[in-house]
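Note that the structure is a prediction, hence the values are computed from the model and not measured.
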Amino acid sequence: MTESWATFGADLHLDLSAGRGLRAGLTEALREAARSGRLAAGTRLPSSRTLAADLGIARNTVAEAYAELVAEGWLTARQGSGTRVAERARPRRAAAAAPVRRPARKGPSYSLLPGFPDLGAFPRAAWLSAARRALTDAPNEAFGYGFDGRGRVELRQALAGYLARARGVYADPERIVLCAGFLHGLTLLAGVLRARRVREVAVEGYGLDFHRNLLVRAGLRTPPLGVDGDGARTGELTAAAGAVLLTPAHQFPTGAALTPARRAAAVDWARTTGGLILEDDYDGEFRYDRQPVGALQGLDPDRVVYLGTASKSLAPGLRMGWMVVPPGLLDEVLAAKGPTDWASSTLEQLTLAEFITSGAYDRHVRGMRLRYRRRRDELAAAVAGRVGVSGIAAGLHAVLDLPAGTERSVLQSAAWQDLALHGLSAFRHPEAGLAPRDALVVGYGTPSDSAWSPTLAALVAALP
């Protein structure tokens, strides 16, 4: 078989300067490539026959150029090793271009930031097994562009069964739309709402600022609802809002579950005004002291958009989320997403479908529920008698109530302990008329098992 760059496995651009002989031009081009560092030390060059064929010149011309550069020390030639750029060859601008060495910026040694699962607990072996089975069974068309904007039917069917069983969601596979996480889903919904001439989306008085900012960038106002021990005060909803974003199962970040009366009030508002409820069920699987609180969507599937993800149950890096969309909204959401499912990998969708249907997802969630419950109990025991603890019936974070006026000083103390930590004030809506509350939002799911004990010790040392 004819040897060429295709079989050699490398590629190289050489500028043979016009006006010079072929040998001289080739020699200078190779010399400059080695001197400038474009050809790194140790790079193997093609044989003289291969390079001659690719450049359309005589083999002897290449051999003579190689020999000259070997004599100069730019190249080395050894039997069985081929011709390579010499190790002594260094870029001529190396000294001038070398970056100034500065100490690498090091993040905090410990972290209790909320919103993260224990990434070290990702079920690699079980996921790999599911991926192998999914890849083996995947139909050929699965490797195409994917022209159903809802995503792979295998995952939508698996999710429909799981969500109905575990979260009480009415989930027809035809009304499930896969997306690349919650923010992607919220982006699609914000565009649909704006196209419907909705001007306001009510939000909870405590929540994530980047959710609010996304809605504001879409041209929507975000009036806040009050939040207390019973969750969002849904009785404050008005006809001016065309939608409301809620975390009913486990309010983020206070940890309250929306009471039945307030759930009913939200649904009554949606039916009366024609508004939509956007339900963020971000950690609904993790309930410790009693059965999980079911999804609000079950009360009225025609007025509630259910949004869930694998970010807390598995890992945010999967970029896997889903929406269960009311029938009257489905076409608009699909138009916003587009006809091609470009948002997430087809193979990842098939793997998650296999992971769910095989029972591996349930086993993983049960195991993580036990692990996180142990951490929650250890956290509560460690801070007992020093601060109050709330919001711990579910989820991956707890709220530690502090003496009035101490939140800032405790955060400073945590920084001295090299501990990353958030105060409750970081999540307060700037327009919320809520009474000041000094507290910490502690994400006990974040540390790895090996880091958990020292991280907990750093927290205790930072407390008043």
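- Going from atom OH of Y162 over to atom CG of D362 covers 6.0 Å, rounded to the nearest 0.5 Å.
- Contact record, R371 with A121: NH1-CB, 3.1 Å, taken as the closest heavy-atom pair.
- A distance of 6.0 Å separates CG of L314 from CH2 of W127, quoted to the nearest 0.5 Å.
- For the pair P224 and E236, the tightest heavy-atom approach, listed with the atom from each and the gap, is O-OE1, 4.4 Å.
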Salt bridge (charged side-chain N to carboxylate O under 4.0 Å, His left out) evaluation trace for R375 with D449: CA-CA 10 Å; R375 290 192 183 183; D449 278 349; 2.8 Å; yes
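- Here the closest non-hydrogen pair linking F122 and A315 is CD1-CB, 3.8 Å.
- A donor-acceptor contact shorter than 3.5 Å links the side chain of K337 to the backbone of L178.
- With 3.5 Å as the limit, one finds no donor-acceptor pair spanning the side chains of D230 and T259.
- With rounding to the nearest 0.5 Å, the separation of CG in L350 from CG in D137 is 9.5 Å.
- Surrounding CZ of R199 are at most 12 heavy atoms belonging to other residues, nucleotides or ligands under 6.0 Å away.
- For R212 (side chain) and V203 (main-chain N/O), no donor-acceptor pair under 3.5 Å exists by modelled atom type.
- Counting only distance, with no hydrogens or angles, the side chain of T351 and the backbone of A130 share no donor-acceptor pair below 3.5 Å.
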Report the C-alpha separation of L463 and V387 in whole Å, then their side-chain angles, then the decisive distance to 0.1 Å, and conclude whether the side chain to side chain contact (heavy atoms under 4.5 Å, CB included) test is met. CA-CA 8 Å; L463 294 176; V387 294; 4.3 Å; yes
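- Under the 3.5 Å distance criterion, the side-chain polar atoms of R262 are left unmatched by any main-chain donor or acceptor of G235.
- Across A266 and L246, no two heavy atoms sit closer than the pair CB-CD1, 4.3 Å.
- With no hydrogens or angles considered, a side-chain donor-acceptor pair links E407 and S425 at under 3.5 Å.
- R84 places a side-chain N or O within 3.5 Å of a backbone atom of G42 that can act as its donor or acceptor partner.
- A donor-acceptor distance shorter than 3.5 angstrom exists from the side chain of T446 to the backbone of L113, with no hydrogens or angles considered.
- Counting only distance, with no hydrogens or angles, the side chain of Q417 and the backbone of L459 share no donor-acceptor pair below 3.5 Å.
- You'll find the side chain of Q157 reaches within 4.5 Å of the side chain of V153, heavy atoms only.
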Side chain to side chain contact (heavy atoms under 4.5 Å, CB included), that's the test. Do L128 and R124 meet it? Break it down for me. CA-CA 6 Å; L128 182 59; R124 298 173 189 240; over 6 Å; no
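- Here the closest non-hydrogen pair linking R386 and P464 is NH2-O, 3.5 Å.
- Atom CZ of R408 sits in a sparse spot, with 12 or fewer heavy atoms from other residues, nucleotides or ligands closer than 6.0 Å.
- Partner R152 forms a salt bridge (Lys or Arg N to Asp or Glu O under 4.0 Å) with one of E141, E354, E348 and no other, that one being E141.
- A heavy-atom distance below 4.5 Å is not found between the side chains of V267 and R263.
- In this structure, L411 and L421 have side chains that are in contact, with non-hydrogen atoms separated by less than 4.5 Å.
- The number of heavy atoms from other shown groups lying within 6.0 Å of OH (Y288) is above 12.
- Annotation: side chain of S344 is not in contact with side chain of R319 (no heavy-atom distance under 4.5 Å).
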Under the side chain to side chain contact (heavy atoms under 4.5 Å, CB included) criterion, do L456 and Y444 qualify, and how do the steps go? CA-CA 9 Å; L456 185 58; Y444 54 80; over 6 Å; no
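- Checked options K312, H397, H250; the residue passing with D283 is H250 (criterion: side chain to side chain donor-acceptor pair (under 3.5 Å)).
- What you find for A86 and A41 is that their closest heavy atoms are O-CB, 3.5 Å.
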Any chance you could lay out the side chain to side chain contact (heavy atoms under 4.5 Å, CB included) test for S448 and D118, step after step, and finish with the verdict? CA-CA 6 Å; S448 64; D118 179 356; 4.2 Å; yes
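- Judged by distance alone, with hydrogens and angles left aside, the side-chain atoms of H429 form no donor-acceptor pair with the main-chain N or O of L225 at under 3.5 Å.
- Atom CG of residue L245 and atom CG of residue L220 lie 11.5 Å apart, to the nearest 0.5 angstrom.
- Taking the six-membered ring where tryptophan is involved, the planes of F355 and Y361 are perpendicular, since the angle between them exceeds 60° and thus also 30°.
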Step by step, work out the salt bridge (charged side-chain N to carboxylate O under 4.0 Å, His left out) result for E285 and R167. CA-CA 8 Å; E285 292 97 340; R167 303 297 301 128; 5.7 Å; no
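- Two residues are said to be in side-chain contact when any heavy atoms from C-beta on lie closer than 4.5 Å; L258 and V293 fail this criterion.
- For the pair V177 and V324, the minimum side-chain heavy-atom distance is 4.5 Å or more.
- The existence of a salt bridge linking D228 and R437 is excluded, since no basic side-chain nitrogen approaches an acidic carboxylate oxygen closer than 4.0 Å.
- Below 30°, between 30° and 60°, or above 60°: for Y372 and F286 the angle between ring planes is above 60°, a perpendicular geometry.
- Within the 3.5 Å criterion, the main-chain N or O of A404 finds no donor-acceptor partner in the side chain of D438.
- Here the side chains of V383 and V389 are in contact, with some heavy-atom distance below 4.5 Å.
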Name each donor-acceptor pair under 3.5 Å that joins a side chain in residues 181-188 to protein atoms two or more places apart or in another chain, with its distance.
residue: H184; atom: ND1; partner: A180; partner atom: N; Å: 2.9
residue: T187; atom: OG1; partner: L183; partner atom: O; Å: 2.7

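- Side chains of I277 and V305 form no contact here, defined as non-hydrogen atoms less than 4.5 Å apart.
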Give the intermediate values and the outcome of ring-ring contact (aromatic ring centres under 6.0 Å, His included) for residues Y282 and F252. CA-CA 9 Å; Y282 65 99; F252 187 88; 5.7 Å; yes
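- Under 4.0 Å is where a charged nitrogen must lie from a carboxylate oxygen, and between D289 and R376 at least one such pair does.
- Rounding to the nearest 0.5 Å gives a distance of 8.0 Å between CG of L400 and OG of S390.
- For H422 and F427, the distance between ring centers is under 6.0 angstrom.
- D300 CG to R303 CZ: the interatomic distance, rounded to the nearest 0.5 Å, is 7.0 Å.
- Between D281 and Y306, the side chains place a donor N or O and an acceptor N or O closer than 3.5 Å (distance only, hydrogens not considered).
- Under the 3.5 Å distance criterion, with hydrogens and angles disregarded, a donor-acceptor pair is assigned to the side chains of Q251 and E204.
- At distances below 3.5 Å, at least one donor-acceptor pair connects side-chain atoms of R156 with backbone N or O atoms of P173.
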